[in-house]
Amino acid sequence: MKLGFIGCGNMANAIMHGIIANGLVVADQIIGSDPTETGRQRTLQENGIHVTSDNLEVVRQAETVFFTIKPQYYQEMIAEIKDEIREAAMVGEGMTAACPNKNVSEEELTYAVKICDGFGKTEVVSEKLFDVVTAVSGSSPAYIFMLIEAMADAAVLGGMPRQQAYKFSAQSVLGSAKMVLETGKHPGELKDMVTSPAGTTIEAVRVLEERGFRSAVIECIDACAAKSEALRKG
């Protein structure tokens with residue numbers, strides 16, 4: 001097998017789908033483990049890969065293994081598979097902990113990035129930033145969904161139909177994110193560009209600042225990172 005997954009939850013299935021859909025690796029060359037029959041059957045139906053309940057089978061068969069489990073299960077999983085880990089076999093947060101003496105080569109890193117680019121955007125970060133990545137990327141869709149929902153609720157309060165309110169709110173978030181990514185401009189500069197003197201937008205910004213919007217976001221991400229570290233270290 002070229003690829004293995006320890007854990008077949010939502011994240012794993014999304015990654016598998018992206019890899020298979022983009023023709024990077026065929027389903028028959030992927031194996032995934034999950035402790036539940038429901039999880040295995042779902043993965044088999046959605047992605048058609050080989051499934052097993054045995055983590056060791058994944059490590060023994062796959063050339064590269066993704067750790068797609070929650071941080072609190074890392075230590076238990078690593079203890080289970082550590083004696084079977086081959087050089088250059090791991091991809092994911094647990095790699096350094098599982099292979100403390102392993103130096104990742106440029107070739108190995110390039111291969112992992114190529115695979116990951118098949119289903120999203122890839123950045124290489126140091127291990128000390130893993131918990132921050134979890135907070136600002138892994139968990140952050142929940143914050144954005146809450147923002148979209150709150151914006152839509154306000155639109156409904158103003159008389160807009162619910163489904164239309166969701167579309168307007170979601171498109172605003174999508175368009176704003178694309179502007180940041182595609183223009184390369186600082187978010188503050190982009191905010192200033194749409195904030196006219198004595199206009200509607202600056203009035204809204206004033207209220208957000210008054211209610212501690214920035215502070216709330218900073219505090220929530222900081223708390224999320226701290227929780228991630230606590231779960232990861234057990």
Side-chain angles (χ1 to χ4, degrees), residues 9-19 21-22 24 68 70-71 92-93 112-232:
N10 293 331
M11 177 175 64
N13 276 281
I15 293 172
M16 292 174 200
H17 176 77
I19 289 172
N22 285 280
L24 297 173
T68 44
K70 294 184 184 300
E93 186 175 333
V113 169
K114 177 184 175 181
I115 290 293
C116 293
D117 274 339
F119 55 84
K121 302 294 184 182
T122 306
E123 293 285 340
V124 178
V125 299
S126 65
E127 186 176 357
K128 67 181 181 180
L129 294 177
F130 284 164
D131 298 311
V132 176
V133 170
T134 294
V136 80
S137 179
S139 296
S140 61
Y143 328 149
I144 305 304
F145 294 148
M146 291 175 69
L147 173 63
I148 291 172
E149 184 183 29
M151 291 170 62
D153 282 346
V156 171
L157 181 64
M160 183 178 288
R162 171 66 63 179
Q163 291 305 312
Q164 192 174 44
Y166 285 142
K167 289 181 181 178
F168 270 84
S169 301
Q171 284 292 334
S172 292
V173 171
L174 175 63
S176 300
K178 286 174 67 70
M179 285 288 288
V180 172
L181 294 172
E182 293 176 2
T183 67
K185 294 181 180 296
H186 190 284
E189 181 182 356
L190 293 172
K191 182 263 293 179
D192 289 348
M193 288 169 58
V194 296
T195 307
S196 303
T200 57
T201 304
I202 192 60
E203 183 65 17
V205 169
R206 180 189 68 77
V207 173
L208 288 174
E209 294 288 9
E210 181 181 69
R211 303 297 172 86
F213 179 74
R214 292 172 190 260
S215 178
V217 172
I218 291 169
E219 291 298 323
C220 94
I221 290 178
D222 185 57
C224 184
K227 182 67 172 182
S228 173
E229 180 181 14
L231 289 173
R232 186 166 51 85

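- Considering CD1 of Ile202 and NZ of Lys191, their distance stands at 6.0 Å, rounded to 0.5 Å.
- A distance of 5.5 Å separates CD in Glu149 from OH in Tyr166, rounded to the nearest 0.5 Å.
- Atoms CG and NE2, on Asp192 and His186 in that order, are 10.0 Å from each other to the nearest 0.5 Å.
- Considering every non-hydrogen atom in both Ser172 and Met151, the closest pair reads CB-CE, 4.3 Å.
- Annotation for Glu123: atom CD does not count as buried by contact number, only 12 or fewer foreign heavy atoms lying within 6.0 Å.
- Listed for the Thr68 side chain is no donor-acceptor partner under 3.5 Å among the backbone atoms of Met11.
- A salt bridge does not link Arg206 to Glu209: none of the charged side-chain nitrogens sits closer than 4.0 Å to a carboxylate oxygen.
- Between the CG atom of Leu174 and the CD1 atom of Ile144 there is a distance of 12.0 Å, given to the nearest 0.5 Å.
- Interatomic distance, CD1 of Ile148 versus CE of Met146, reported as 12.0 Å (0.5 Å rounding).
- Here the OG1-CD distance, from Thr201 to Glu203, works out to 10.5 Å after rounding to the nearest 0.5 Å.
- Not a single donor-acceptor pair under 3.5 Å links the side chain of Ser228 to the backbone N or O of Cys224.
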Candidate pair Asp222 and Lys227, rule salt bridge (charged side-chain N to carboxylate O under 4.0 Å, His left out), full reasoning
CA-CA 9 Å; Asp222 185 57; Lys227 182 67 172 182; over 6 Å; no
Apply the test side chain to side chain contact (heavy atoms under 4.5 Å, CB included) to residues Thr134 and Ser139: give CA-CA distance (whole Å), side-chain angles for both, the deciding distance (0.1 Å), then the verdict.
CA-CA 6 Å; Thr134 294; Ser139 296; 4.0 Å; yes
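- Nearest heavy atoms, Ser169 versus Ala152: OG-N, 3.3 Å.
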